[in-house]
Amino acid sequence: MQRLNRIVWDNALSTGDPGIDDQHRVLINTFNELADAVEGGADKDNIGNIISALKFYASWHFAREEECMGKYHCPVADKNKKAHAVFVQNFERYEKEFAALDQVADLAFDMYTDLADWIYNHILAVDSKLYHCIHPTPGPT
Ligand SMILES: [Fe+2]
């Protein structure tokens, strides 16, 4: 099996809110656990447990982050909400397929590749916009 790329935290992912950043680190670690399980040939139950944890945590985190963007009147708040809904939809599509299969390795591989890539790019392109809403650059005096 081809090796999966792990997501590595870097400062470009920072949102300026330590709580949200910690939640992103938990999400990234859980995605990386999924990659370890898939590469290690874990069985359906083990992979299924990680997928359930990931879904629960991602949904909980999305709600916290949406609140935070609302509080700081972040211009990408709506875009962020819509993107989260798309993520949940894709996740549920994979979950359904996963439940129907006996051999889950290939699907879990695709699921990780697709969703981990999505989450990294989403944090980088959308969530990081929070930074300047929380810490606005002072204008000319
Ligand atoms: Fe987000």
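Because the structure is a prediction, the values reported are computed rather than measured. Atoms within each ligand, like the ligands themselves, are counted from 1 in listed order.
At a threshold of 4.0 Å, the pair R6-E39 counts as salt-bridged, since one of the basic side-chain nitrogens sits closer than that to a carboxylate oxygen. A salt bridge is defined here as a Lys NZ or Arg NE, NH1 or NH2 lying under 4.0 Å from an Asp or Glu carboxylate O, and R25 with D22 meets this definition.
Ring to ring, Y120 and F31 are not that close: their centroids are 6.0 angstrom or more apart.
Evaluated for a ring pair (Phe, Tyr, Trp, His ring centres under 6.0 Å) with H84, the options F91, F62, W60, W118 yield exactly one hit, F62.
Near-neighbour remark for the Fe ion (ligand 1): protein N, O or S atoms under 2.8 Å are E65 OE1, N80 OD1, H84 NE2, H122 NE2, D127 OD1; waters not counted.
Separating the OH atom in Y72 from the CG atom in D17 is a distance of 6.0 Å, to the nearest 0.5 Å. Going from atom CG of D127 over to atom CE of M69 covers 5.0 Å, rounded to the nearest 0.5 Å.
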